[in-house]
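All figures in this text were calculated on a predicted structure; none of them were measured in a lab. The analysis underlying the following values was restricted to heavy atoms, covering all of them including side chains, and did not include hydrogens, waters or symmetry mates.
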Amino acid sequence: MDVGELLSFQPEKPALGTLKRKNEDEDRGRAKSRKKQPVITNQSTPRISEDEREKILKMVEEEPEAPPMDETTLKKIILQFEKKAYKNQEMRIKFPDLPEKFMESELEMNDMIHEMHVIATAPDLYYILVEMNAIQSLLQLLSHENTDISIAVVDLLQELTDVDTLNESEEGAEALVDALLEGQIVAVLVQNLERLDESNKEESEGVHNTLGIIENITEFRPEVCPDAAKQGLMQWLLKRLKAKIPFEGNKLYCSEILAILLQNHDENQELLGEMDGIDVLLQQLAVYKRHDPSSGEEGEYMENLFNSLCAALMLPSNRDRFLKGEGLQLMNLMLREKKMSRNSAIKVLDHAMTGQEGGDNCQKFIDILGLRSIFPVFMKTPKANKRGPGPEELEEHICSIIGSLLKNCTGTQRQRLLNKFTENDHEKVDRLMELHFKYLEKVRQVDLQIEKEKNDLKFFGGDIDDDMEDQFYLRRLDAGLFTLQLVDFIMLEICVTGVPSVKQRVMQILNLRGGSVKTIKSVMREYAGNIGDAKNPEAKEAEQSKILDLVSKF
């Protein structure tokens, strides 16, 4: 606070908390009474006199500067902390039912924990915290009888693990994070979360800061996500998401942490499925089939749930759970209702139907009249929301869904799908060709850029190795090649296996717009040559053979 603020504001009297165990009101309140309180404007308080103003200015000027944090200072702080923690423990053991006997030691320890925030200014000295077992002591305090103490420790750990702070000293950060993980920090934090009452403002902030610690650690070291989930975090997050309480910041934060845990971690995707997490996500998303989120934050929450569901559906076993949980019916309803949830529902359907493992979902989607929902968005791409996929990403997902249906559906379901392309004078074939030329032009533009870069590189004597070629190919995919491949695959499928009039319409439009069958075949051969499925080489070969067979028959 600067001098002007100090002169203009009056501090509010610190509010007392509550003491856990027998005399909770007195215990926790006294521990909090020394904690720094927020300062608010008191409109009814008269302005201070000039004498008082001068005294305050003099006090501010004479206030000694805090000593710089060095090894000696830090060791002194840690020793003081350990001494006060030991004293409090001793007094609580000696007088368990007499708060007035141990409250003084509790107040002193609470103050000491707040003073320790200065340590975050010197992350290069974190190793001293580890060497002097201060981390172990802090973790033990997370289960202190007085939740004010545990919340104070959470607040401190959240600041110590701030990612920007950790990045200032790699050696110090590694030492701190190693010590925290060795002490099973996530399990200890979850145990503390279980006893916090979020109707209490301070304890609600404690929950938020706890999630902050977990986010910091998982961002600094993503490989800990599976262990973190197993230490009770996944179970707690699902329980918290299911809780029937109004939407607020902590619920949003829970959805963010869940999305982080599921991204690129097969073990967590499996764990979510085993805990009936697919049903939990579908239940939470069901709210948005007919109602839009009421705020930007709630919109972000909805997208986090969709992203979590998409990540979970990367695992084949979760696609079965999605099918049994009537996820297809929910997504289909979202497509029809045209609310904000529609665009992300398209993304979920793509994840649910892709690959051989999506076969059952593809058949079921047609059975529940899903073609009536997917083809309107194919004919006219929905407008993008502030959050969720953009128009071109939506076109990619929609074409991927139709491609998956063509690959996986058989019998009457497949015939119903092929019939769609003859309706209303082949309007869907016209739309398909429109997308073909749109994305072909995008790919041509990026190909020109890449060719120029290659020529420049050769001119200056550089070599183009396999890694660079892979990077160039990824750029082409991002620029629209992947969607072009999907569009051309659909084109070949409906021309080769559909009625003759479909191919006639395709050839007619190619001739009118100067298109080329040779170009389409070239795109599909490249597609076949780059299909990747390391987990199932047989499926990869079968897919390649099918595409090359379509090319030869086109």
Less than 4.0 Å between a side-chain N and a carboxylate O, is that true for [Y] and [X]?
X	Y	value
Asp360	Lys364	no
Arg475	Glu453	yes
Arg505	Glu427	no
Glu441	Arg513	no
Glu256	Lys251	no
Glu392	Lys442	yes
Arg240	Glu248	yes
Lys324	Asp279	no
Glu395	Arg431	yes
Glu337	Arg342	no
Glu267	Lys230	no
Glu526	Arg476	yes

Inter-residue atom distance [X].[atom1] - [Y].[atom2], 0.5 Å rounding:
X	Y	atom1	atom2	answer
Arg372	Arg336	CZ	CZ	7.0 Å
Thr519	Met524	OG1	CE	13.5 Å
Ile509	His426	CD1	NE2	10.0 Å
Asn332	Leu371	CG	CG	9.5 Å
Glu215	Ile213	CD	CD1	11.5 Å
Asn209	Asp155	CG	CG	5.0 Å

Sidechain-backbone polar pair: Asn318 side chain, Gln269 backbone, donor-acceptor under 3.5 Å: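 Yes; judged by distance alone, with no hydrogens or angles, the pair exists.
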Donor-acceptor pair, side chain of Ser522 and main chain of Lys518, under 3.5 angstrom: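 Here the side-chain-to-backbone pair does not exist.
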Side-chain heavy-atom pair Ile151, Thr210 within 4.5 angstrom cut-off: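 Not touching, per the 4.5 Å side-chain cut-off.
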For a quick check under 3.5 Å, do [X] and [Y] share a side-chain donor-acceptor pair by atom type?
X	Y	result
Asn408	Gln363	no
Asn250	Ser204	yes
Lys347	Asn307	yes
His397	Glu393	yes
Glu396	Tyr439	no
Gln415	Asn419	yes

Considering all heavy atoms, the nearest Ser404-Thr354 contact: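 So the two residues come closest at OG-CA, 3.6 Å.
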Test side chain to side chain contact (heavy atoms under 4.5 Å, CB included) applied to Met314 and His351, step by step: CA-CA 7 Å; Met314 298 293 285; His351 282 78; 3.8 Å; yes
Candidate pair Asp367 and Arg416, rule side chain to side chain contact (heavy atoms under 4.5 Å, CB included), full reasoning: CA-CA 10 Å; Asp367 289 342; Arg416 285 162 64 184; 4.2 Å; yes
Row check, Phe554 ring normal vs Lys503 NZ/CZ: under 6.0 Å, within 45°: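 Yes, Lys503 and Phe554 form such a contact.
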Lys546 to Phe489 six-membered ring, cation-pi geometry met (6.0 Å, 45°):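 No, cation not above the ring by the 6.0 Å, 45° rule.
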Worked verdict on Lys239 versus Glu194 for salt bridge (Lys or Arg N to Asp or Glu O under 4.0 Å): CA-CA 10 Å; Lys239 178 182 171 185; Glu194 294 284 4; 3.3 Å; yes
Neighbour count >12 (heavy atoms, 6.0 Å) for atom CD, Gln508: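 Yes.
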Crowding at CD, Glu182 (>12 non-hydrogen neighbours, <6.0 Å):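 For Glu182, atom CD is not crowded (no more than 12 foreign heavy atoms under 6.0 Å).
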Side chain to side chain contact (heavy atoms under 4.5 Å, CB included) between Leu349 and Leu335, worked out: CA-CA 10 Å; Leu349 286 171; Leu335 260 61; 4.0 Å; yes
Parallel, tilted or perpendicular: rings of Phe421 and Phe375 (30°, 60°):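 Plane angle over 60°, so perpendicular.
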